[in-house]
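Below is one structure, written out as structure tokens, with a few remarks after it.
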Amino acid sequence: MHTVVVGTSGVTASDVLAVARGGARVELSEEAVAALAASRRIVDALAARPDPVYGVSTGFGALATRHISPGLRAQLQRNIVRSHAAGMGPRVEREVVRALMFLRLKTLCSGHTGVRPEVAQTMADVLNAGITPVVHEYGSLGCSGDLAPLSHCALALMGEGEAEGPDGAVRPAGELLAEHGIPPVELREKEGLALLNGTDGMLGMLVMALADLDLLYRSADVTAALSLEALLGTDKVLAPELHAIRPHPGQAASAANMLAVLEGSGLTGHHQDDAPRVQDAYSVRCAPQVAGAGRDTLAHARLVAERELAAAVDNPVVLPGGTSEAFGSGGGRVESNGNFHGAPVAYVLDFLAIAVADLASITERRTDRLLDKNRSHGLPPFLADDAGVDSGLMIAQYTQAALVSELKRLAVPASADSIPSSAMQEDHVSMGWSAARKLRTAVDGLTRVVAVELYAAARAVELREGLTPAPATRAVLKALREAGVGGPGPDRYLAPDLAAAESFVRDGRLVEAVEGVTGPLK
């Protein structure tokens, strides 16, 4: 099995996907273990001093002014985990929890949190055992970290709360730890707080959304090309020299993908033989501009994710330096900060939701055009075999329209909201977790919207008898038929198998079929 080694300098998006979705094993590097031990020495030295240090010998948040005596500090760390594990609602997905825990482990291994090496090792052991703490939908404001979600994970490390075992059954976490020979963690100074203060949930969901959208944007370029072909549109608007004079890289990439799909088509521009059109509709002609803007938004979000993947997000943090002999020859200190605020991640999560809604919107307009006999240039109403006797794909477009409407609602930014908490100590929050949760829903919705266009465009191309589609299009049609989606004969469309089309898009078979002809898409 693939193994991801966590060091002190962060992780990559590929590492996150490997652990969250691929079940990769996790190991701590020697460098990380050494950094953990060194930062713990700093915390231990501070804990032995009489003056209060936030997170080490004080309460938290609005209660940070109380000095906690040594005898109560272990209890304090246990209590913060227990009290913060106050999430509610349905469980979040297993892959989200694994990403959340892995990214928290990444920050622990940075050496800036002050936890002991055994705390980090226990988290790695839990991941490797396939134990997934039960985390709930509601409980994070995206500030001071994804507090409730991370607390439920920390609770499991203590042998408390509930978790899902590798067999999928939910049981008491203590039982699962015992079965796998993992001793529960007994928290010491700073450690409970260090397990909770991070943007790990929203970041994990961002990384996974970026991977999903990378595939979806290529898929949408393919379905846009198929719709252009089915509508007998012109591919002249995809010429590289046209996109070079408006140098947005995403736009050029989308146009290049569409042009590659359409190479060798006998349908494009065919309308000019009998009913000339000066220009195609915006939903066809401007497909690269809209999809390209989304691609550029993805690039910005990816940059933010890369920065966050390299970050150590905690409060307070352990820093090298200082002059006190208590910290050893190198010195060290613990400093409060605001790096846990989720605004950078929350913004791009919302930006992506906007881009997703707009891509879905233009996709639906092309589908509607394929089904409207007044605008489809010779195709039958609703692509029906016998319009009136059957309704063709009329209601498939209804479903697509309902999804697009929901995606527009999901595009309302969560990060524009803030609700004060902790007796006004935490008086401005990011709502990044909420932005991430709605983006996951939006990505699912976009997958279905693209699948409906694929279904309609494939049907429309097949109805253009006597004209030869592009080789890439023929490869798509062949792969769809092999997957049991569509194909010749009216009965295949009387009960549209949209779920099969969705699966065809979601698992990458659409892009795979095209790339077998065109080579890698951009």
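FYI, side chains are in, hydrogens and waters are out, and symmetry mates aren't considered; it's all heavy atoms of this structure.
- Residues Arg73 and Gln77 form no side-chain contact, since every pair of their non-hydrogen atoms from C-beta on lies 4.5 Å or further apart.
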- From CA spacing to verdict: side-chain hydrogen bond (donor to acceptor under 3.5 Å, both in side chains), Asp221, Ser254: CA-CA 6 Å; Asp221 289 340; Ser254 285; 3.2 Å; yes
- Message: Could you walk me through whether Asn197 and Val313 satisfy the side-chain contact (heavy atoms from CB on, under 4.5 Å) test, starting with their C-alpha distance in whole Å, then the side-chain angles of each, then the deciding distance to 0.1 Å, before giving a yes or no?
- Response: CA-CA 7 Å; Asn197 252 317; Val313 178; over 6 Å; no
- Message: Quick one, Ile131 with His180, criterion side-chain contact (heavy atoms from CB on, under 4.5 Å). Give me CA distance, side-chain angles, the key distance, then yes/no.
- Response: CA-CA 9 Å; Ile131 298 171; His180 289 84; 3.9 Å; yes
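- Counting heavy atoms from C-beta outward, Pro184 and Leu157 have side chains that stay 4.5 Å or more apart.
- In this structure, Glu179 places its CD atom where more than 12 heavy-atom neighbours from other residues, nucleotides or ligands lie under 6.0 Å away.
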- Can you list the steps and then say if Arg509 with Ser503 is a side-chain hydrogen bond (donor to acceptor under 3.5 Å, both in side chains)? CA-CA 8 Å; Arg509 281 177 287 166; Ser503 176; 3.2 Å; yes
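- Atoms OG1 and CG, on Thr122 and Leu177 in that order, are 8.5 Å from each other to the nearest 0.5 Å.
- The 12-atom threshold is exceeded at CZ of Phe340, counting heavy atoms of other residues, nucleotides or ligands nearer than 6.0 Å.
- In the model, Arg409 has a side-chain atom that pairs as donor or acceptor with a side-chain atom of Ser405 under 3.5 Å.
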- Task: Run the numbers on Glu95 and Arg440 for salt bridge (charged side-chain N to carboxylate O under 4.0 Å, His left out), then give the verdict.
- Result: CA-CA 12 Å; Glu95 67 177 15; Arg440 282 181 70 83; 2.9 Å; yes
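- Looking at Glu164, Glu137, His152 one by one, the single match for side-chain hydrogen bond (donor to acceptor under 3.5 Å, both in side chains) with Arg91 turns out to be Glu164.
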- Message: Is there a side-chain hydrogen bond (donor to acceptor under 3.5 Å, both in side chains) between Ser415 and Asp350? Walk through the geometry before answering.
- Response: CA-CA 7 Å; Ser415 58; Asp350 281 334; 2.5 Å; yes
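- The distance from the SG atom of Cys143 to the CH2 atom of Trp433 is 15.5 Å, given to the nearest 0.5 Å.
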- Between Arg295 and Asp214, is a salt bridge (charged side-chain N to carboxylate O under 4.0 Å, His left out) present by the stated rule, with each step listed? CA-CA 8 Å; Arg295 284 172 167 272; Asp214 179 68; 5.7 Å; no
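- Between atom CG of residue Leu210 and atom CE of residue Met205 there is a gap of 13.0 Å, rounded to the nearest 0.5 Å.
- Annotation: the span from Arg98 atom CZ to Leu17 atom CG amounts to 12.5 Å, rounded to 0.5 Å.
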- Given the rule in the salt bridge (charged side-chain N to carboxylate O under 4.0 Å, His left out) test, do Arg218 and Glu515 qualify, once you have shown the distances and angles that lead to the verdict? CA-CA 10 Å; Arg218 284 180 288 152; Glu515 290 184 335; 3.4 Å; yes
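- Exactly one residue among Glu335, Lys190, Arg333, His112 makes a side chain to side chain contact (heavy atoms under 4.5 Å, CB included) with Pro316. That residue is Lys190.
- Remark: the Ser57 side chain and the Glu189 side chain contain no N/O donor-acceptor pair separated by less than 3.5 Å.
- Here OG of Ser83 is found 8.5 Å from CG of Leu196. Values are rounded to the nearest 0.5 Å.
- No side-chain donor from either of Asp358 and Ser361 sits under 3.5 Å from a side-chain acceptor of the other.
- Contact record, Ala435 with Ala346: CB-O, 4.1 Å, taken as the closest heavy-atom pair.
- The closest side-chain heavy-atom distance from Leu28 to Cys109 is below 4.5 Å.
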- Item | Worked verdict on Glu31 versus Thr8 for side-chain hydrogen bond (donor to acceptor under 3.5 Å, both in side chains) | CA-CA 7 Å; Glu31 176 192 29; Thr8 60; 3.0 Å; yes
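- A salt bridge between Glu93 and Arg437 is present, with a side-chain N of the basic residue lying under 4.0 Å from a carboxylate O of the acidic one.
- Counting heavy-atom neighbours within 6.0 Å of Ile419 CD1, excluding the residue itself, gives a total of 12 or less.
- Applying the salt bridge (Lys or Arg N to Asp or Glu O under 4.0 Å) definition to pairs two or more places apart or across chains, those involving residues 107-123 are Arg116-Glu118, Arg116-Glu191.
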- Item | Trace of the salt bridge (charged side-chain N to carboxylate O under 4.0 Å, His left out) decision for Arg104 with Asp146 | CA-CA 10 Å; Arg104 195 70 219 139; Asp146 290 317; over 6 Å; no
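- Heavy atoms from other residues, nucleotides or ligands lying under 6.0 Å from CD of Glu186 number 12 at most.
- Across every non-hydrogen atom of Arg188 and Asp44, the tightest pair is NH2-OD1, 3.5 Å.
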- Take Val26 and Val6 through the side-chain contact (heavy atoms from CB on, under 4.5 Å) test and state the conclusion after the steps. CA-CA 7 Å; Val26 178; Val6 185; 3.7 Å; yes
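- Using a 3.5 Å distance cut-off with no hydrogens or angles, the side chains of Gln400 and Thr367 do pair a donor with an acceptor.
- The only option from Leu446, Thr447, Val452 that meets the side chain to side chain contact (heavy atoms under 4.5 Å, CB included) definition with Val450 turns out to be Leu446.
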